[in-house]
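Protein chains get the first letters and strands the later ones, always in sequence-line order, with residue 1 at the start of each. We use all heavy atoms of the structure for the numbers below, so side chains are in, but hydrogens, waters and symmetry mates are not.
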Amino acid sequence: MSAKGREYDFKWCPGCGDFGVRRALEWALEARTMRTELPIESNVVVSGIGCSGNLVHLLEGPQPYGFHGLHGRSLPLAFGVKMSRPELNVVITAGDGDFLSIGVEHIPPQALRNLDVTVVVMDNGVYGLTKGQSSPTTPQGGVTVSTPYGKLEAALNPLEFYLTLGVTFIASGFSGRPKELAKLIEAGMDHQGFAIVHVQSPCTTYNDTYDVIKGDSKKGIQPKAWNVPQEHDPADRDAAYKLVRAEGLPIGIIYRNTAVPSLAQRQDQQGKKVSHRSLEQLVDSYRV
Amino acid sequence: MKSQDFVVRFAGEGGQGVVTSAEGLAQAAAQAGYHAQTFATFPSQILGGPTWTQARISTRPVLSPGDQLDVLVVFNREAYETHRQEVRENGVIVFDSGTFELVANGRTLGMPFEALAKSTGNPRATNMVIMGALAQLVNMPQEYLEQFVKQRFSRGRSGDEEIIRANIMALSLGRQEALRSGFNLGELALPTKPEREHILLKGNEAAALGALAAGVDVYIGYPISPANTILIFMERNLVGPGKFAYQASSEIEAINAIIGAGYAGKKAMTATSGPGLSLMKEGIGMGWMTEVPVVIVNVQRGGPATGLPTKTEQSDLMSSLYPAHGDVSMPVIAPGTVEECFYAMVNAFNWAERYQGPVIVLSEQILSERTQDIPRPDLSSLVIENREVYRGSNGYLRYEGPGVTPFPVPGSPGAYNANASEHDTHGDTTHLPSRRVEMTERRFAKLKLLEDGTYECEHREEPVAVMPWGGSKGPVREAYEALLDRGERLGWYYTMQINPLSPRLLNELRQKERVIVPELNYLGQFAAFLRSQGVRAEAITQYTGLPFKVRDLVARLEERVRVRQKRTVPA
Ligand SMILES: Cc1ncc(C[n+]2csc(CCOP(=O)(O)OP(=O)(O)O)c2C)c(N)n1
Ligand code: SF4
Ligand SMILES: [Mg+2]
């Protein structure tokens, strides 16, 4: 789509976490295409507006369908695509402001519906594209251009938020570990229901958190990220709550509930029971 | 002389049968071969509250609700006080003497509605008692109503026969009351059965049927008066393989979702009213930008903000023509009758598919709730258009060239990016001035494909013409005919295709000395739109939340026409 286009003039800053997310998504799509033997055009990538949303134009390799929509509205757009064509694999890429601030109203309905799409949230704790304002995941007290004296709001814990909403697949990833991230995204795509892969994707320009996430022994910084323990049972919601409320940043699959039917499955079930009238019959029902 | 037409208003509390009485009368009359139209206005409270509906029965197609009442049926004193002024001289007031008393003044007919109904064994037959009395007042053959009762209650249930018996008894009790009173409003002429079979339905139902006829696959909408009944119809009837209706969580979700559906290759629509349209604006702009066919029905109510949720107005024209920020000109179709609600939807989907973009259907509260008889649409003669689908290989440049290009459907080769930002031929973001110019011109050039509009025109030789739009068509037409009868000279123009206006029509209008536009808003929005295209247009406005009355229009139009005559007399 893409970088090859001569007119396309957006570039991620050097070191931006979004490069890693892009690579991971390419790998995940490639693996899926190989495995399912479905053409790459059976995938649709829907994105919102932000540095993150540009991913749809920057994907390299075989090109899926793309829709670069409005700021905050990627979920409703994907909802329309997926409901219309359940056989398509629909992936959303969104920024933290995009998904969790302006677009936050669209998450609960999709959780209740268990819409079968995969969201890759690219969280950099800041508004990158508009040059550095605070976002819902910016820590309280954090200084940004829009919070020069420190952010007054508490920071959102997105993983806990998703759990509370009943999202049926929740994973946490890091753009600095793209191979692992690709696996998480693939698992999300395989999940028949609403999947969110929340990715730490640092903004090197406005909020460089690489050191904090990875740690730096030379500077004496303990890594914030830790792996979800092998023995964690993703079907156990209480255990999942413990993970996301613990200090630091768990990386891995947090929660997976396969017992909830997806929206498409519910619609199919209902459709079998409903009989409908033809247009002629409907018109005739208004005969005087 | 027999009268050709009969207007009755039912007024009382919500839930007293005010609505069912008017609907029942319209149904019975239409079955007998009369033309019928109802007019309803509701309080915004859910239960109770003062409410009234009106039915007009005629031997000719009905154009307006009727200015003056032949009969007023009142269920309580408050209703009597509120509405009695609107009864014509020699009209009759039928009142519920079981609830209140009126001093007999030679024009009032009291009947205990409920007691009479109860005596038939069916306490729910009050509206039958009333209808029996009404039929007697205008000498309508009793068998018309009996026929109606038999048809309505033959539902294949065990109790049918008993209900039919009780209802027919209720009819004759009402009839006897009216007979005893000695009132008579003259005889309503017998109907001539229309040539084509008629159906009786509300504007929103006609619109929903039109959408189905046009091949709609997906409906996604959020509840709002007065568009709700479209959502309800679709939830019930838009089912079957590949089709669905869904109640969205907001209008923002609805507009984005139908664009997603349109992008996925479906014929998709939503319906809303002013507040919802405001929330959809950014999304509508995206539909224009990404070139995705969708249809948005805006059933206008009084604005701005929450405005007058249950009343009628024609004040969303400007915000429908220019519904988004940036350079956008939206195709708009505004039906003027219940019948046109059906064809407007077919037209809208055809336009959306043809130019690949959003189309707004601008309906009105007055049309949405109005029940009217219309000729049964001939479904087999409808022309249904579908977008040209791309069937080539990968590497397609979706947005190349100055006009409409084949539409790639996800799942098939031809992957591209739909993009709400300005884009190049593949759909990737660009800021190049030359590309910006090219893409902007491409989007506007596509509107040329929609210049196939048709219009009504009479007395085109007249230098002054009247040109209503939307739901004001009926009352203005009635006023226009009255003016011609009086010997006034005036041309008539009308189209439901508001944007783009047919170039032939525009040419004619530009020749006029003046074009007078009666419309239900303060700004004179359609007149302003015509002026912006070089037409000397002026508005006659009203912004009460109610439709025009014919007699007001006659007076106001006459005044305008006279002004001209004075001006043209040599000094
Ligand atoms: C309705 C609307 N409001 C505001 C904007 C401006 N805007 C563009 S991107 C953005 C925030 C981006 O932050 P985020 O979603 O975190 O993405 P990032 O750039 O950090 O990847 C804003 C506010 C817009 N495009 N549309
Ligand atoms: S501003 Fe931040 S998020 Fe945006 S491209 Fe640069 S580094 Fe990445
Ligand atoms: Mg961000």
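- Using a 4.5 Å cut-off between heavy atoms, V218(B) contacts chain A through its side chain alone, with no backbone atom that close.
- Listed options R435(B), K243(B), H198(B) were ranked by heavy-atom pairs under 4.5 angstrom with chain A; first place goes to R435(B).
- The line from CG of N417(B) to OH of Y8(A) is 9.0 Å long, rounded to the nearest 0.5 Å.
- One finds the CG atom of L77(A) at 11.0 Å from the CD1 atom of I258(B) (value rounded to the nearest 0.5 Å).
- Judged by distance alone, with hydrogens and angles left aside, the side-chain atoms of Y286(A) form no donor-acceptor pair with the main-chain N or O of K202(B) at under 3.5 Å.
- Heavy-atom distances place the side chain of V274(A), and not its backbone, under 4.5 Å from chain B.
- Checking S421(B) against H68(A) by side-chain atom types alone, no donor-acceptor pair falls below 3.5 Å.
- The closest side-chain heavy-atom distance from L200(B) to R287(A) is not below 4.5 Å.
- In plain terms, the two heavy atoms of I199(B) and V283(A) that are nearest each other are CG2-O, 3.9 Å.
- Highest contact tally toward chain A, considering only V239(B), I259(B), L201(B), I255(B), is held by V239(B) [criterion: heavy-atom pairs under 4.5 Å].
- Between chain A and the residues S250(B), A32(B), A26(B), S412(B), the most heavy-atom pairs under 4.5 angstrom are made by S412(B).
- Rounding to the nearest 0.5 Å gives a distance of 6.5 Å between CG of D284(A) and CD of E197(B).
- For A248(B), the part lying under 4.5 angstrom from a heavy atom of chain A is the backbone only.
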For R376(B) and E280(A), what are the C-alpha separation, side-chain angles and deciding distance, and is it a salt bridge (Lys or Arg N to Asp or Glu O under 4.0 Å)?
CA-CA 10 Å; R376(B) 186 190 195 282; E280(A) 290 282 349; 3.0 Å; yes
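- For CD of Q147(B), the number of neighbouring non-hydrogen atoms (other residues, nucleotides, ligands) closer than 6.0 Å is 12 at most.
- In E87(A), the CD atom is crowded: over 12 heavy atoms of neighbouring residues, nucleotides or ligands sit closer than 6.0 Å.
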Stepwise side chain to side chain donor-acceptor pair (under 3.5 Å) check, S249(B) with H106(A)
CA-CA 8 Å; S249(B) 64; H106(A) 303 300; 4.7 Å; no
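- The greatest number of non-hydrogen atom pairs below 4.5 Å with chain A, out of P377(B), G414(B), G283(B), is found for G414(B).
- Taking A206(B), G411(B), G265(B), A420(B) one by one and counting their heavy-atom pairs under 4.5 Å with chain A, the maximum is reached by G411(B).
- For Q270(A), no part sits under 4.5 Å from any heavy atom of chain B, backbone or side chain.
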How far apart are the C-alpha atoms of T430(B) and D9(A), what are their side-chain angles, what is the distance that settles it, and do they pass the side chain to side chain contact (heavy atoms under 4.5 Å, CB included) test?
CA-CA 6 Å; T430(B) 181; D9(A) 54 7; 5.7 Å; no
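- Heavy atoms of L88(A) lying under 4.5 Å from chain B belong exclusively to its side chain.
- Proximity to chain A (any heavy atom under 4.5 Å) is shown, for Q31(B), by both the backbone and the side chain.
- L379(B) touches chain A through its side chain: at least one heavy atom from C-beta onward sits under 4.5 Å away, while N, CA, C and O do not.
- Heavy-atom minimum distance, A257(B) versus F79(A): CB-CD2, 3.7 Å.
- Side-chain N or O atoms of R85(A) include one that pairs as donor or acceptor with a backbone N or O of P410(B) at under 3.5 Å.
- When all heavy atoms of Y65(A) and P408(B) are compared, the closest pair comes out as OH-CB, 3.4 Å.
- For a heavy-atom cut-off of 4.5 Å, chain A lies close to N394(B) in residues 390-399 of chain B.
- For I49(A), the part lying under 4.5 angstrom from a heavy atom of chain B is the side chain only.
- When each of R236(B), E205(B), M289(B), Q27(B) is checked for heavy-atom pairs under 4.5 Å with chain A, E205(B) comes out on top.
- Heavy atoms of Q281(A) lying under 4.5 Å from chain B are absent altogether.
- In this structure, chain A has no heavy atom under 4.5 Å from any part of F148(B).
- Using a 4.5 Å cut-off between heavy atoms, L432(B) contacts chain A through its side chain alone, with no backbone atom that close.
- Using modelled atom types and a 3.5 Å distance limit, the side chains of N237(B) and H276(A) yield no donor-acceptor pair.
- Scanning all heavy atoms of the two residues, the minimum distance from S84(A) to A264(B) falls at CB-CB, 4.0 Å.
- The two residues Q151(B) and V288(A) make their nearest non-hydrogen contact at NE2-O, 4.0 Å.
- Using cut-offs of 30° and 60° on the angle between ring planes, the pair F67(A) and Y263(B) is perpendicular.
- Residues P109(A) and E253(B) come closest through the heavy atom pair CB-OE2, 4.3 Å.
- Remark: F244(B) CZ to Q267(A) CD distance equals 6.0 Å, nearest 0.5 Å.
- With values rounded to the nearest 0.5 angstrom, H57(A) atom NE2 is found 10.0 Å from H426(B) atom NE2.
- Contacts between L263(A) and chain B at a heavy-atom distance below 4.5 Å involve the side chain alone, from C-beta outward.
- For T425(B), no part lies under 4.5 angstrom from a heavy atom of chain A.
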